J.: 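So that we are looking at the same thing, I have put the structure below in structure tokens.
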Amino acid sequence: MSYLLNDEQREIRDLVRQLARDRIAPRAAEIDESHEFPWDIVELYREHGLFGLFFDEAYGGLGTGVLLALTVIEEVSKVCATSGVILAVQELGSLGLKLTGNDEQKQRFLPRLASGEFLAAYALTEAGSGSDSAAMRSTARRDGDDYVLNGSKRFITNAGVASLYTVFAKTDPEAGHSGISAFVVEADTPGFEVTRLEPKLGITGSTTGELAFEDVRIPAENLLGEEGDGFKLAMRILDRSRPGIGAQGLGIAQGATDYALEYARNRETMGKPIAEHQLIAGKLADMETACEAARGLLYKFGELVDQGVDGSELTKASAQAKLFCTDTAMWVTTEAVQILGGYGYIKEYPVERMMRDAKITQIYEGTNEIQRLVIAREMLKETRAFLLAGVG
Ligand SMILES: Cc1cc2nc3c(=O)[nH]c(=O)nc-3n(C[C@H](O)[C@H](O)[C@H](O)COP(=O)(O)OP(=O)(O)OC[C@H]3O[C@@H](n4cnc5c(N)ncnc54)[C@H](O)[C@@H]3O)c2cc1C
């Protein structure tokens, strides 16, 4: 298929694969157990220029495109999902600037994001508004050369470790979707605080926190795009970023499949390796096939972006990649635990961690129920060649 990586992309992907095996895999269990943000992994990414894979050359990045960036998240997530989401969220938190930032904003922030000096975050969700994000209550009131931000955000990845937050708030609370605007907020802005970090089931090394804004003065030059364009921007960002979570899910799924395969080759019952019992062989075949199908959807998305495709086609491809990769992650990791039997359930083996890490991929950046709604909505816009007789 045309989505296969070219030689240069394959070379970079293979270098990252090696780095993941040698330097990240040995840390994965410790990161999971300590629940501590892995700054050493961030340092590793900085040293090897991995954040640069997500940025254009004009801003200090490598300009190697989205397909390669997705494969890099996949490779890292095979061994450590917390380390994978650090890369995915660098993209999520930077996309507002990339898509609508003006030249001055891009020059001010993107090089520091491309080098990894700054980590980024994306703050849309609030306690009362997750899937229904337009129901947010945070406000930003114009006051002279500033906006004054008040309110709070919940479940924000990289809370407390990010230097730069893309924050959405209502500049016109009566105007519904078109009353929302987007801002760049730097972590050291007075009145901005991280008030709580959540303990959680999986990706335990990634921070997930609550942000509070009390009369936070943001210079008007930190407004992204036009006032009132924030909701559209939030959705455009998610269209681009969701497949990063798909890549995380696919990585987890392939990592679990690879581990279960090795285990099944070596564990014997009734006089032969369990991989030779047909019920286990069938599971392995289904797991591998699901990963490959997920990869097809994911890489197709990467190719579309790299070819400059936007709009409805991209929205549908993005939701499909996220949905299928992450449902695959949950299903495949559950099967991997089953293949390892009792050993799958204990912490000495990595598949129980992979199963816990997989769950979040079906929830964040739009739940998989919401992805199904998005796909169906895009389908309803399409005209199909064959209509059922008597319909319409
Ligand atoms: C670890 C973690 C990290 C996160 N990181 C970020 C982040 O960095 N930035 C950020 O802004 N947010 C972040 N989130 C928030 C996340 O995106 C939301 O939790 C998610 O979108 C769901 O919102 P909710 O939790 O309010 O659930 P709800 O919206 O209350 O949904 C509850 C259930 O109802 C279903 N549902 C809701 N509406 C519909 C509908 N119309 N049709 C069918 N089913 C529906 C949902 O699919 C879900 O199953 C994070 C969350 C977690 C747990």
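Everything quoted here is computed from the prediction, not taken from an experiment. Both counts, for ligands and for their atoms, begin at 1 and track the order of listing.
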J.: Using ring centroids (six-membered ring only for Trp), state whether F168 and Y122 fall under 6.0 Å.
T.: yes
J.: Going by the angle between their ring planes, with limits at 30° and 60°, are Y349 and Y263 parallel, tilted or perpendicular?
T.: perpendicular
J.: Would you please say whether a donor-acceptor pair under 3.5 Å links the side chains of E91 and S241?
T.: no
J.: Decide whether a cation-pi geometry holds between K153 and F213; the criteria are a distance under 6.0 Å from NZ or CZ to the six-membered ring centre and an angle within 45° of the ring axis.
T.: no
J.: Do Y147 and E227 have side-chain atoms, one donor and one acceptor, less than 3.5 Å apart?
T.: yes
J.: Select all protein residues for which some heavy-atom-to-ligand 1 distance is less than 4.0 Å, and list them by chain and number.
T.: Y122, L124, T125, G130, S131, F155, I156, T157, K200, T208, I360, I363, Y364, E365, T367, E369, I370, L373
J.: So, using salt bridge (Lys or Arg N to Asp or Glu O under 4.0 Å) as the criterion, who are the partners of R142 when residues are at least two apart?
T.: none
